[in-house]
**Student:** 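Here you go, one structure.
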Amino acid sequence: MFSPSVDNNSCLHIKIFRAIEIPTAAAALGKNGDFEIKAYKINAAAEELRKPRSVRTGIIQHKIVLPTTAPVKEQRDAILERVGRIAEAAALCGVNVLCFQEAWNMPFAFCTREKQPWCEFAEDAETGPTTQFVQKLARQFGMVILSPILERDGVHGDTLWNTTVVVGTSGNVIGKTRKNHIPRVGDFNESTYYMEGNTGHKVFNTKFGKIAINICYGRHHPQNWLMYGINGAEMVFNPSATIGGLSEPLWPIEARNAAIANSYFTFAINRVGTEIFPNEFTSADGKPAHRDFGHFYGSSYAAAPDGSRTPGLSRTNDGLLVTEIDLNLCRQAKDNWGFRMTQRLDLYAESLTKAIKPDYKPDVVDENL
């Protein structure tokens with residue numbers, strides 16, 4: 001049993017989780033491959049008219065494998081091989097839905113603002129080599145896999161997008177969704193490569209439930225989480241790349257708050273390690289030029305609509321977090337709290353419609369009038 005405590009994210013767990021036994025073969029893969037495996041179960045209350053809707057989810061955090069100076073194809077293929085082994089462990093743990101970290105098949109090179117060689121990692125979302133690799137995994141293991149990549153859209157002038165490809169259990173590409181909010185914070189000036197996505201707030205209705213992907217910086221925007229809930233999501237994955245000293249105080253809070261406010265499960269995924277680049281770059285903050293982003297602190301976790309969450313993965317090591325969830329908890333949370341009945345979308349729709357107009361004036365009452 002896991003007792004309530006403060007974990008590596010300094011976040012109190014309000015619920016007792018039952019650890020899932022990790023199969024011997026999966027544990028051996030983890031030991032031999034030097035990645036940790038944690039597994040937990042989040043229950044819902046038994047109902048009279050509905051059977052449990054149990055789904056096993058998996059999220060993977062990992063470092064890059066080769067130096068950023070290695071040839072592009074070798075860098076990518078080394079990561080694919082590494083993550084493929086972790087995905088095999090996920091399959092042995094019975095995972096149904098597996099999500100990778102943001103831009104998982106490459107270094108997070110967007111801090112450099114250099115176009116070469118990093119744009120060479122971009123590929124077609126439907127037919128690129130990474131998608132073909134993921135399709136093979138999905139077919140082999142019978143999983144739905146969420147694969148966040150740097151997309152090259154050849155139909156629209158070779159434009160680049162930060163995209164997650166959703167692959168079904170038969171290897172079919174169900175669809176894709178693009179990053180809605182692009183950061184302009186310090187080294188995270190990603191608009192050098194791609195702009196805000198144009199796919200809205202898609203929800204993918206899979207055999208294991210309704211899935212959405214809120215990519216990285218979108219987690220800082222409550223209205224982004226809100227729209228996935230309005231569109232019916234039951235699980236929202238947040239593949240990210242974020243560093244210590246910037247976002248870590250927010251990390252244990254945002255995805256958990258979103259799960260509570262929107263009555264769905266959330267999965268916060270961060271990479272690990274420090275990635276060093278050949279050329280120095282600056283943050284436009286007057287500080288010396290540097291060759292790395294900082295430390296990606298991992299700490300990936302899952303959160304439930306009742307406010308509970310799992311312990312996080314390591315801050316420093318590759319890892320797989322398996323969480324068995326009961327999707328019935330989504331409706332139970334809605335019934336218990338009534339947030340959907342009381343959220344007053346009509347009120348905010350009217351207010352926001354006014355707020356975006358050029359002649360808008362904040363509704364402030366001055367005590368001197």
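Quick caveat, the model's predicted, so the values are computed rather than measured. Sequential numbering from 1 along the given sequence is applied to the chain's residues.
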**Student:** Can you confirm whether more than 12 heavy atoms, excluding those of K63, are under 6.0 Å from its NZ atom?
**Tutor:** yes
**Student:** Output yes when a side-chain donor or acceptor of S299 lies under 3.5 Å from a complementary backbone atom of R315, and no otherwise.
**Tutor:** no
**Student:** Please assess D318 against V272 for the test side chain to side chain contact (heavy atoms under 4.5 Å, CB included), listing each intermediate value before the final yes or no.
**Tutor:** CA-CA 7 Å; D318 292 7; V272 286; 3.5 Å; yes
**Student:** Is a donor on one side and an acceptor on the other found under 3.5 Å between the side chain of T310 and the backbone of A302?
**Tutor:** yes
**Student:** What's the separation between atom CZ in R291 and atom CG in N279, rounded to the nearest 0.5 Å?
**Tutor:** 8.0 Å
**Student:** Does any part of the side chain of W161, heavy atoms only, come nearer than 4.5 Å to the side chain of N198, both counted from C-beta?
**Tutor:** yes
**Student:** Do you know the tightest heavy-atom contact between N180 and G200?
**Tutor:** ND2-O, 3.2 Å
**Student:** Would you check if the side chain of N328 reaches a backbone N or O of E47 as a donor-acceptor pair within less than 3.5 Å?
**Tutor:** no
**Student:** Do N270 and S300 have side-chain N/O donor and acceptor atoms under 3.5 Å apart?
**Tutor:** no
**Student:** Using 0.5 Å steps for rounding, measure from the CG atom of L29 to the OG1 atom of T24.
**Tutor:** 11.0 Å
**Student:** Kindly say whether G171 contributes a backbone atom to a donor-acceptor pair with the side chain of Q135 at under 3.5 angstrom?
**Tutor:** yes
**Student:** Taking T68's backbone N and O only, do any of them form a donor-acceptor pair with Q75's side chain (distance below 3.5 Å, no angle check)?
**Tutor:** yes
**Student:** Answer whether the closest heavy-atom distance between the side chains of N238 and W225 falls below 4.5 Å.
**Tutor:** yes
**Student:** Answer whether the closest heavy-atom distance between the side chains of V83 and L137 falls below 4.5 Å.
**Tutor:** no
**Student:** Does T127 offer a backbone N or O that forms a donor-acceptor pair with the side chain of T131 under 3.5 Å?
**Tutor:** no
**Student:** Which atoms form the tightest heavy-atom contact between R152 and A122, and what is the distance?
**Tutor:** CB-CB, 3.9 Å
**Student:** Distance-only, no hydrogens or angles: does the R113 side chain make a donor-acceptor pair with backbone N or O of T282 under 3.5 Å?
**Tutor:** yes
**Student:** Quick one: does any side-chain atom of R271 pair with a main-chain N or O of A103 as donor and acceptor, under 3.5 Å?
**Tutor:** yes
**Student:** Do I149 and I145 land in one hydrophobic cluster if side-chain heavy atoms of ILVMFWY residues count as linked below 4.5 Å?
**Tutor:** yes
**Student:** By the definition side-chain contact (heavy atoms from CB on, under 4.5 Å), identify the one residue from I269, I60, L146, L80 that meets it with W104.
**Tutor:** L80
**Student:** Does Q61 form a side chain to side chain contact (heavy atoms under 4.5 Å, CB included) with F35? I'd like the steps, not just the answer.
**Tutor:** CA-CA 9 Å; Q61 65 178 40; F35 59 89; over 6 Å; no
**Student:** I'd like to know if I86 and M143 are part of one continuous hydrophobic network [Ile/Leu/Val/Met/Phe/Trp/Tyr, side-chain heavy atoms within less than 4.5 Å].
**Tutor:** yes
**Student:** Check whether any side-chain heavy atom of I20 lies under 4.5 Å from a side-chain heavy atom of R56, and answer yes or no.
**Tutor:** yes
**Student:** Any ion pair linking K354 and D363 (charged N to carboxylate O, less than 4.0 Å)?
**Tutor:** no
**Student:** Can you tell me how far the OG atom of S240 sits from the NE2 atom of H220, to the nearest 0.5 Å?
**Tutor:** 7.5 Å
**Student:** Assess whether atom CG of D346 is packed by more than 12 heavy atoms of other residues, nucleotides or ligands within 6.0 Å.
**Tutor:** yes
**Student:** Please say whether more than 12 non-hydrogen atoms of neighbouring residues, nucleotides or ligands are located less than 6.0 Å from OH in Y360.
**Tutor:** yes
**Student:** Can a side-chain donor-acceptor contact be found between N105 and T130 if the only test is distance below 3.5 angstrom?
**Tutor:** yes
**Student:** I need the N205 CG to K207 NZ distance, nearest 0.5 Å.
**Tutor:** 12.5 Å
**Student:** A side-chain contact here means heavy atoms from C-beta on lying under 4.5 Å apart; do V55 and F265 qualify?
**Tutor:** no
**Student:** Answer yes or no: is there an ion pair linking K334 with E234, defined by an N-O contact shorter than 4.0 Å?
**Tutor:** no
**Student:** Might you point out which heavy atoms bring G232 and V203 nearest each other, and give the distance in Å?
**Tutor:** C-CG1, 4.4 Å
**Student:** Side chain of S308, backbone of A304: donor and acceptor closer than 3.5 Å?
**Tutor:** no
**Student:** Show the numbers, then the answer: is there a side chain to side chain donor-acceptor pair (under 3.5 Å) between H290 and D187?
**Tutor:** CA-CA 10 Å; H290 43 279; D187 289 330; 3.0 Å; yes
**Student:** Would you say the side chain of R178 lies within less than 4.5 Å of the side chain of E151, judging by non-hydrogen atoms?
**Tutor:** yes
**Student:** I'd like to know if the side chain of D285 and the backbone of K287 have a donor-acceptor N/O pair within less than 3.5 Å.
**Tutor:** yes
**Student:** Less than 4.5 Å apart, any side-chain heavy atom of P239 and any of I213?
**Tutor:** yes
**Student:** Please answer: with hydrophobic residues joined when any side-chain heavy atoms are less than 4.5 Å apart, are F100 and F208 in the same cluster?
**Tutor:** no
**Student:** Do S247 and R219 touch side chain to side chain, with heavy atoms closer than 4.5 Å?
**Tutor:** yes
**Student:** Could you measure the distance from the CG atom of L321 to the CD1 atom of I59? Nearest 0.5 Å is fine.
**Tutor:** 4.5 Å
**Student:** By the rule that ILVMFWY residues connect when side-chain heavy atoms come within less than 4.5 angstrom, directly or transitively, which residues belong alongside F281?
**Tutor:** V72, M106, F108, F110, W118, F121, L150, L160, I182, V185, F188, Y193, Y194, Y217, I243, L246, F277, F293, F296
**Student:** Could you check whether atom CD of E21 has more than 12 heavy atoms from other residues, nucleotides or ligands sitting under 6.0 Å from it?
**Tutor:** no
**Student:** Start with the C-alpha distance between I174 and T206, add both sets of side-chain angles, then the distance that settles side chain to side chain contact (heavy atoms under 4.5 Å, CB included), and finish with yes or no.
**Tutor:** CA-CA 9 Å; I174 299 173; T206 75; 4.1 Å; yes
**Student:** What distance do E102 atom CD and T163 atom OG1 have between them, rounded to the nearest 0.5 Å?
**Tutor:** 10.5 Å
**Student:** Using the rule given for side chain to side chain contact (heavy atoms under 4.5 Å, CB included), can you reason through T57 versus N96, listing the C-alpha separation, both sets of side-chain angles and the distance that settles it, and then say yes or no?
**Tutor:** CA-CA 6 Å; T57 62; N96 306 121; over 6 Å; no
**Student:** Taking a hydrophobic cluster as the set of Ile, Leu, Val, Met, Phe, Trp and Tyr residues connected by side-chain heavy atoms closer than 4.5 Å, whether directly or through intermediates, do I42 and F267 fall within one such cluster?
**Tutor:** yes
**Student:** Can you hop from F141 to I22 via hydrophobic side chains spaced under 4.5 Å?
**Tutor:** yes
**Student:** For A78 and V65, work out which heavy atoms get closest and say how close.
**Tutor:** O-CG2, 3.7 Å
